[in-house]
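For the numbers below, each heavy atom of this structure counts, side chains included, while hydrogens, waters and symmetry mates do not. Because the structure is a prediction, the values reported are computed rather than measured. When a ligand or atom number is given, it counts from 1 through the structure's own listing order.
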Amino acid sequence: MVSDQHNGQNTDHGTPRTPDSPPDSGAVAAARRDRAVRAAVEQGLISDAEPVVALLDVAGIRSSAAALRIAFDEVTAPGSTVLHAFAVKAAPLVAVLRLLSEQGIGAEVASPGELALARAAGVPAGRTVLDSPAKTTAELREALALGIAVNADNPQELARIDALISTGPSRSPLGMRVNPQLGAGSIGALSTATATSKFGVALRDEGARDWVVRAFLDRPWLTRLHTHSGSQGVPLELMAQGVRTVYELAEEINAAAGRRQIDTVDIGGGLPVNFGSDEEIPTYAGYARLLKETVPGLLDGRYGLVTEFGRSLLAKHGLVLARVEYAKSAGGRPIAVTHAGAQVAARTVYVPASWPLRIAAYDAEGRPKPGRAVAQDIAGPACFAGDLLAENRPLPLLEQDDLVAALDTGAYYFSNHYAYNSLARPAVHGFTAASEGEDGTVRFATVRAAQTVEEIVNESGGAYADALLGG
Ligand SMILES: *Cc1c(COP(=O)(O)O)cnc(C)c1O
């Protein structure tokens with residue numbers, strides 16, 4: 001079916017994209033999004049049975065993956081080894097991992113589930129990195145058997161790895177995570193480089209640095225250092241300082257060892273995302289240039305690099321589309337009661353000040369809704385008063401059967417479902433807009449089917465219904 005060009009402001013949305021196309025402009029992505037919403041309605045993706053769906057912009061994901069690769073290619077010496085490992089927690093969807101893998105991007109995993117997803121997507125062991133702070137011995141054993149890279153979080157974990165490799169060598173590149181203890185960003189819960197963060201060896205604690213150097217000298221097979229200074233809300237300068245701290249430690253260890261024992265530095269992820277508009281800022285290119293200025297020695301060809309970006313690869317390329325079931329008012333406040341709330345946007349609902357989301361209003365046909373902006377609440381379906389996607393938000397006055405889209409939700413939102421009220425996980429569909437000159441069709445591919453009520457019953461112990469009776 002054909003999407004109308006509804007408002008005359010559609011731009012050149014159909015440019016064919018290869019992995020090396022330049023990054024999208026925000027306007028191009030926004031036009032593609034509007035076409036996808038219209039097509040989702042026309043193709044019946046929104047219904048009584050599924051009044052909320054999630055959409056992923058395949059061209060946008062490809063474009064971000066290409067931008068990431070190009071950014072680091074441009075600042076590293078020719079022939080440098082650079083592995084970009086996508087932080088699976090940002091979008092634990094097998095088809096997304098496979099799409100990224102096709103773009104040369106590996107996987108950073110932090111649980112048996114995430115490792116299984118990466119393997120199901122066909123991500124090679126050589127492009128997989130295991131980083132959890134609570135790895136069990138069994139998880140470590142599996143990782144070493146598979147040959148995936150492991151970053152030890154702490155001395156006790158390192159002792160477990162000692163024991164495991166004493167029984168036989170492993171192909172796994174092995175490293176240690178350190179916390180440069182540089183301070184927090186604007187969101188405490190996502191700041192991993194504070195003095196008391198739970199991650200890695202706290203480098204500035206008394207005796208810690210010497211202990212780390214010794215640990216490497218005692219273990220010739222320990223060849224990597226890892227840091228991840230935080231996610232959304234951490235300033236780029238702080239991230240770059242964290243990388244510099246780790247680079248200086250690598251230089252110190254290599255000098256003490258008298259050889260290039262540390263051959264690879266894993267700089268983590270954490271590039272923040274602009275949730276305020278369609279513009280993709282900051283860019284990978286900007287961050288890569290800042291690293292080149294701050295820590296040129298890391299990029300001069302002597303070290304391999306691993307990156308672990310999550311949010312910045314996916315966030316701008318996903319949206320949650322939900323029907324307005326009822327439009328009402330209370331105390332003079334218009335309220336749109338929709339099907340998108342805490343189950344798909346837990347962070348925004350519980351910590352709205354840190355995680356505001358843009359909301360786009362569409363009419364029942366999926367066309368951008370015109371009209372004067374009126375302050376209103378965009379509520380979700382869950383049974384608690386705080387279940388609001390947006391409070392007092394100026395938007396064209398929403399009516400029953402209109403649609404709302406929660407934008408920039410491609411990472412950490414609908415893919416990280418929250419099961420409150422036994423609300424179903426919505427379906428996720430990838431969309432691809434046909435090229436200009438073709439018929440203008442938007443094609444959808446199912447990435448994840450909606451959870452059924454039968455599945456909800458099963459996952460809620462339906463098979464154990466009698467478990468608490470008798471006895
Ligand atoms: C969460 C996490 C990432 C990804 O962070 P983003 O902010 O999504 O880029 C990378 N590495 C580690 C160790 C993480 O915990």
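Against a heavy-atom cut-off of under 4.0 Å, Arg177 is close to the following atoms of ligand 1: 13 (C). Within ligand 1, counting atoms from 1 as listed, the ones closer than 4.0 Å to a heavy atom of Gly269 are 9 (O), 10 (C). Listed by number with element, the atoms of ligand 1 under 4.0 angstrom from any heavy atom of Asp131 are 13 (C). Using a 4.0 Å cut-off to heavy atoms of Ala87, the atoms of ligand 1 that qualify are 3 (C), 4 (C). Set against the non-hydrogen atoms of Gly270, the atoms of ligand 1 under 4.0 Å away are 5 (O), 6 (P), 7 (O), 9 (O).
Selection from Tyr412, Phe309, Phe86 by nearest heavy atom to atom 8 (O) of ligand 1 gives Tyr412.
Under 4.0 angstrom from ligand 1, there are no non-hydrogen atoms of Met239. Under 4.0 Å from ligand 1, heavy atoms of Ser231 appear from its side chain as well as its backbone. When heavy-atom distances to ligand 1 are checked against a 4.0 Å cut-off, Arg311 comes that close through both its backbone and its side chain.
Electrostatic pairing of Glu248 and Arg209 does not count as a salt bridge here, judged by no charged N lying under 4.0 Å from a carboxylate O. With respect to Arg425 and Glu459, a salt bridge is recorded, a charged nitrogen being found less than 4.0 Å from a carboxylate O.
For atom 11 (N) of ligand 1, the closest non-hydrogen atom on the protein side is Glu308 OE1, 2.7 Å. Nearest protein heavy-atom contact of atom 1 (C) of ligand 1 is Lys89 NZ, 1.3 Å.
In summary, the side chains of Asp34 and Tyr362 do present a donor paired with an acceptor at a separation below 3.5 Å, with no hydrogens or angles considered. There is a side-chain donor-acceptor pair under 3.5 Å between His226 and Glu308.
Taking 4.0 Å as the cut-off, Ser312 does not count as a neighbour of ligand 1 on heavy-atom distance.
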Checking side chain to side chain contact (heavy atoms under 4.5 Å, CB included) for the pair Leu68/Ile105: CA distance, chi angles, key distance, verdict? CA-CA 10 Å; Leu68 172 59; Ile105 292 184; 4.1 Å; yes

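Ring-centre distance between His84 and Phe72: below the 6.0 Å cut-off.
A donor-acceptor pair under 3.5 Å is formed between the side chain of Gln232 and the backbone N or O of Val273.
The residue from Asn179, Leu249, Leu182, Val246 that alone fulfils the side chain to side chain contact (heavy atoms under 4.5 Å, CB included) condition with Leu203 is Leu249.
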